[in-house]
Structures are given as C-alpha cells and as structure tokens.
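Here is the structure we will look at.
Atoms within a ligand are numbered from 1 in the order they appear, just like the ligands themselves.
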Amino acid sequence: MIALYFSGTGNTRYCLRKLVRRLDPSAPIVPLEDLAAAALLKKEKTVFLAYPTQFSNIPYFVRDFILRNGGSWAGKSVFLLNTMGAFSGDGTGVAARLLKKRGARILGGLFLKMPDSVADVKALKKSHERNEAIVRAAEKEIEATALSIKEGRYPQQGLGLWAHMAGLFGQRLWFLGRTRGYSDRLKVSSACEGCGLCVESCPTHNLSLVAGKAVPSGRCAMCYRCVVHCPQRAITILGKEVIDPIKIEDFLPKE
Ligand SMILES: Cc1cc2nc3c(=O)[nH]c(=O)nc-3n(C[C@H](O)[C@H](O)[C@H](O)COP(=O)(O)O)c2cc1C
C-alpha cells in the first residue's frame, strides 16, 4: 500500500497519516509534489489518495497529477480521502470518475470535516475551541474508519449519484473557473520582507525571490501554505487580507 496526498495547511496530511498508520505502519506516505510519488504509484497496487476539497472539486494540482500519470492507474485499487471545511458534495466522486476511466477500481471514499484553510476570507471562520473540537471529532472518525477498513468495510462517501448532484449543483458548477487550471490570483503586498519561506513551501514552485521580494508566476494551486506561513501576512489569494492563518499544528498537543 502507498498513500499519496496533497495538503496545504496540513489537515489532509494529518488525517491521511493517522488513518494509514493504523492500517499499515510501514506504508510510504508521500506528497504529490515529491518526485517519488509517480514512481511509487507505478509499483504499488493499493493507493490511498488524499486531498482537500476546493469548491466541491478536486484541486487542479491533484487532477494534473492524475492525468500526467494516466497510464499508471489501470488495475489499481484506490481509496479516496477528502478533507473539507464544511461541504464537499462529491469531492471524492470527482476523482473516482477520473480514475475509473483510467482503469482503477475505487475501494471507497471518506469525507473528514476539518478547520477551514481559506485564511483570507471571513466565511466559515470558527473559534479556536470550535476548530479543536472539529479536529478531535475527525480523529474519532478516523479511528472508526480504520477499524471498519480492517474488517473489509470501506466507507462509500461522496461516490453515489445524490452526492454527485449535491456537489455539482451545490457549488462546483458555479465555481468551475476556479479549479480549471492553476490560479494567477495570488498577490504579495509591500509588507513582504523577502524571507523566502513562501518560496520554500510552495508545492508548484509558483514563487521566487526577485530583488528581495516574493513574486508569483501564475501557477498557484490555492493550497494556502504560503499564506499561513508568511510571518508578515503579506500573501493573499481569494481575499484582500489575512484574517485567520491557521494550520493543523495549532490544534495538536505541543511536543
Ligand atoms: C481554494 C479553496 C477552496 C475550498 N473550497 C471548499 C469547499 O468547497 N468546501 C469545503 O467544505 N471546504 C473548502 N475548502 C476548505 C478546505 O477543503 C479544508 O479546510 C481542508 O481541510 C484543507 O486541507 P489542507 O490543510 O490539507 O490543505 C477550500 C479551501 C481552499 C483553499
């Protein structure tokens, strides 16, 4: 088994790791931006693929990975894990349909509600306590799912017709433009001090330092990793100012 993921603020990585470690303590858990991901995919038969919902759709970065490695999915058994701030519809189903067309068998799908990662938009913002409770609830659901998978029962969330309708008409259709390709909406304000943390953290190499300032190149995956890591709060994507730059570590016990 291998586990592949895309994760901006860490929610998806955390959930996938927790689930997979209960099922197979030695399975490789690899981010899609890692060059090893495509090579591992070729070799393994069972794949756990995880990503956050973006506008009830899969992030373009994930779609891009699935399509670029189109020949590697035939004969694979794939389980889809999808984290979300509130509502995903068929966030698992979108990937399932893409993968089935390429010859994969879908084992199941799981939605996990986690803190909202859109750090520069007010909607869906919750208190720290509420977010902690959301993470604890997700942890419980992961434990229950691991037990059920061990008994051969895979959850089937987001894979049916009703979920397809809910995802499509509930949100995806109205926001299709946002996930059709990489985004050029990322902005860096004059507060940027050129520390380079965003450049290092970006999964798509969208940012580079030019004359001591971070400059985007229109290849943003909207993952919000740079937004939440910028010490100057200088980066925005969908909104105009950084309101709540949270990441999964904020809700875990301090080591
Ligand atoms: C661009 C963008 C769009 C999003 N769209 C949705 C959405 O349609 N529904 C939802 O419930 N959450 C949505 N979210 C929230 C994330 O799916 C959620 O916070 C997820 O757990 C983030 O995972 P990560 O930390 O692994 O990146 C969106 C987040 C981003 C950045």
Atoms of ligand 1 close to [X] [distance to a heavy atom under 4.0 angstrom, numbered from 1]:
X    : answer
T12  : 23 (O), 24 (P), 26 (O)
G8   : 24 (P), 26 (O), 27 (O)
Y224 : 31 (C)
M222 : 1 (C), 31 (C)
F55  : 1 (C), 3 (C), 4 (C), 5 (N), 6 (C), 7 (C), 8 (O)
D116 : 15 (C), 19 (O)

Check [X] against ligand 1 and report side chain, backbone, both or neither, counting heavy atoms closer than 4.0 Å.
X    : result
F87  : backbone
Q171 : side chain
M114 : side chain

Notebook entry, point to check: Distance-only, no hydrogens or angles: does the S88 side chain make a donor-acceptor pair with backbone N or O of G91 under 3.5 Å?
Noted result: yes
Check: Is the backbone of I66 close enough, under 3.5 Å, to the side chain of W73 for a donor and an acceptor to pair up by distance?
Finding: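 Yes, W73 side chain to I66 backbone: donor-acceptor pair under 3.5 Å.
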Checklist line | Nearest neighbour of atom 21 (O) of ligand 1 from the list L16, T83, I248, N57, on a heavy-atom basis | finding: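 The residue whose heavy atom sits nearest atom 21 (O) of ligand 1 is T83.
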[atom]: the protein heavy-atom neighbour that sits closest, reported with distance to 0.1 Å:
atom                    : result
atom 25 (O) of ligand 1 : T9 OG1, 2.4 Å
atom 17 (O) of ligand 1 : T53 O, 2.7 Å
atom 3 (C) of ligand 1  : Q54 CA, 3.5 Å
atom 12 (N) of ligand 1 : G85 N, 2.9 Å

Whether [Y] and [X] form a salt bridge (side-chain N of Lys/Arg under 4.0 Å from carboxylate O of Asp/Glu) is what I want to check.
X    : Y    : value
K18  : E141 : no
K122 : D244 : no
D90  : R97  : yes
E249 : K247 : no

Checklist line | Pairwise distance CG(N11) to OH(Y5) - rounded to 0.5 angstrom | finding: 12.5 Å
Check: Hey, is NZ on K101 packed in by over 12 heavy atoms from elsewhere, all under 6.0 Å?
Finding: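 Not buried by this count: 12 neighbours or fewer within 6.0 Å.
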Note to self: Is there a polar contact, in the sense of an N or O pair closer than 3.5 Å, between V118 and ligand 1?
What the structure shows: no
Item checked: Polar atom proximity, A86 to ligand 1 (N or O, under 3.5 Å) -> yes
Next item on the list: Using ring-ring contact (aromatic ring centres under 6.0 Å, His included) as the criterion, point out the one residue from Y60, Y224, Y51, F61 that pairs with F6.
Entry: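 Considering Y60, Y224, Y51, F61, a ring-ring contact (aromatic ring centres under 6.0 Å, His included) with F6 is found only for F61.
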Item checked: Side-chain heavy-atom pair F251, H128 within 4.5 angstrom cut-off ->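 Yes, at least one pair of side-chain atoms sits under 4.5 Å.
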Notebook entry, point to check: Should A50 be listed as contacting ligand 1, given a heavy-atom distance under 4.0 Å as the test?
Noted result: no
Next item on the list: Report yes if the distance between the aromatic ring centroids of F175 and F55 is under 6.0 Å, otherwise no.
Entry: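 Aromatic pair counts; centres sit under 6.0 Å.
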